[in-house]
Amino acid sequence: MKEFIAYAVMALPELMQGTVVTLQLTAGALAIGLAIGLPLALLRVYGPKLIQPVCSAYLTVFRGTPLLVQLFVVYYGLPEVGLSFSRMAAAFITLGCNSGAYQCEYFRGAIQAVSGGQMQAARGIGMSRFQGIRHIILPQALRLVIPAWSNELIAMVKYTAIVFLIAVPDLMNKAKILSSQNFTPIQTYVLVALIYLVLVGILSLILHGIQKKLAVPGLDSGVEGR
């Protein structure tokens, strides 16, 4: 045990650097996913029929293929057609686009959970469709989506681990280097597991508090996360 503690004291500063990168990737991916997912969900619910096949194709590609394959296509495949990205950019793009597909479905479910009669009432008092969405539907949907969206955040913290395969200096990448340099795979990956557990635990507590504070009384969206 003393040896493990001594190793942890030596390794933690390096692992913390990787943890910062992991959190940056998580925040960036969720922000990109939100920027893609919310408009896409609105198009899925209120958009013209003509655009539905495009939305469905996007969701099918990013929900129907492994995240690892998507990462390799972006980082190794797109340069073949003249689109090159740095390691970090490729990681943000892949994780963000993948999250956007899932966030779209969470938002769509939450929007559809708001009674259609409310839009009719909004139109009845003279609001345009856009005003009805902005002032009546979205404020409720954004509160209903919090439980599913919370799952997306927790999942994304763990999904970022795959980017070490393209040498992004995240937590897993730092762990791989430390493990190789010191021949201590067990100790290193136990530390990594503990760091992920602490991260997920803290985020879960924060999100649970937000969820309780913003819950819509007597209304459950029924939207489930991945």
Side-chain angles (χ1 to χ4, degrees), residues 22-52 54-64 67 92-160 199-226:
T22 291
L23 291 174
Q24 289 173 341
L25 286 168
T26 301
L30 288 172
I32 295 170
L34 178 63
I36 295 172
L38 182 54
L40 206 59
L42 291 170
L43 286 173
R44 291 268 285 167
V45 178
Y46 299 109
K49 287 185 179 178
L50 194 64
I51 204 168
Q52 298 304 325
V54 178
C55 298
S56 297
Y58 179 88
L59 298 178
T60 300
V61 168
F62 282 99
R63 297 181 71 200
L67 184 55
F92 276 122
I93 291 170
T94 306
L95 293 170
C97 290
N98 181 274
S99 181
Y102 285 93
Q103 289 194 49
C104 168
E105 290 302 86
Y106 305 153
F107 284 119
R108 184 175 65 84
I111 290 168
Q112 291 178 328
V114 179
S115 169
Q118 296 194 33
M119 175 59 84
Q120 293 176 5
R123 299 300 297 271
I125 61 173
M127 285 187 177
S128 66
R129 199 178 192 197
F130 175 76
Q131 288 174 323
I133 293 170
R134 180 183 173 191
H135 297 294
I136 305 295
I137 306 298
L138 269 185
Q140 297 178 75
L142 291 178
R143 293 170 71 180
L144 289 173
V145 82
I146 290 174
W149 198 88
S150 301
N151 289 335
E152 179 67 11
L153 191 155
I154 299 301
M156 188 54 67
V157 171
K158 294 175 283 184
Y159 287 152
T160 58
L199 284 179
V200 169
I202 292 172
L203 289 172
S204 297
L205 284 174
I206 294 172
L207 291 168
H208 183 66
I210 294 173
Q211 184 180 335
K212 282 183 67 176
K213 190 172 183 179
L214 298 179
V216 180
L219 191 57
D220 179 8
S221 71
V223 184
E224 295 182 356
R226 56 175 161 176

(request) May I have the step-by-step check of side-chain contact (heavy atoms from CB on, under 4.5 Å) for Ser150 and Ile146, ending in yes or no? (result) CA-CA 6 Å; Ser150 301; Ile146 290 174; 3.8 Å; yes

(message) Just verifying a value: how many Å separate Thr94 OG1 and Leu67 CG, rounded to the nearest 0.5 Å?
(response) 7.0 Å

(message) Could you check whether any side-chain N or O of Glu152 sits under 3.5 Å from a backbone N or O of Ala148, counting only pairs where one atom can act as donor and the other as acceptor?
(response) no

(message) Using modelled atom types and a 3.5 Å cut-off, is there a donor and acceptor pairing between side-chain atoms of Thr60 and backbone atoms of Ser56?
(response) yes

(request) Please answer whether the main-chain N or O of Val157 pairs with a side-chain N or O of Thr160 as donor and acceptor at a distance below 3.5 Å. (result) yes

(message) With heavy-atom distances below 4.5 Å as the criterion, would you say the side chains of Ile133 and Met119 are in contact?
(response) yes

(request) Output the distance between atom CG (Leu42) and atom SG (Cys104), rounded to the nearest 0.5 Å. (result) 9.0 Å

(request) Check whether more than 12 heavy atoms from other residues, nucleotides or ligands sit under 6.0 Å from atom NE2 of His135, and answer yes or no. (result) yes

(message) Rounded at 0.5 Å granularity, tell me how far NZ in Lys158 sits from CG in Leu199.
(response) 11.5 Å

(request) Step by step, work out the side-chain contact (heavy atoms from CB on, under 4.5 Å) result for Leu30 and Trp149. (result) CA-CA 9 Å; Leu30 288 172; Trp149 198 88; 4.2 Å; yes

(message) Please check this pair: side chain of Glu105 against backbone of Gly37, looking for a donor-acceptor N/O pair closer than 3.5 Å.
(response) no

(request) Spell out, as yes or no, whether a donor-acceptor pair under 3.5 Å connects the side chain of Tyr58 to the backbone of Cys97. (result) yes

(message) For Phe62 versus Asn98, what's the shortest heavy-atom pair and its separation?
(response) O-ND2, 3.1 Å

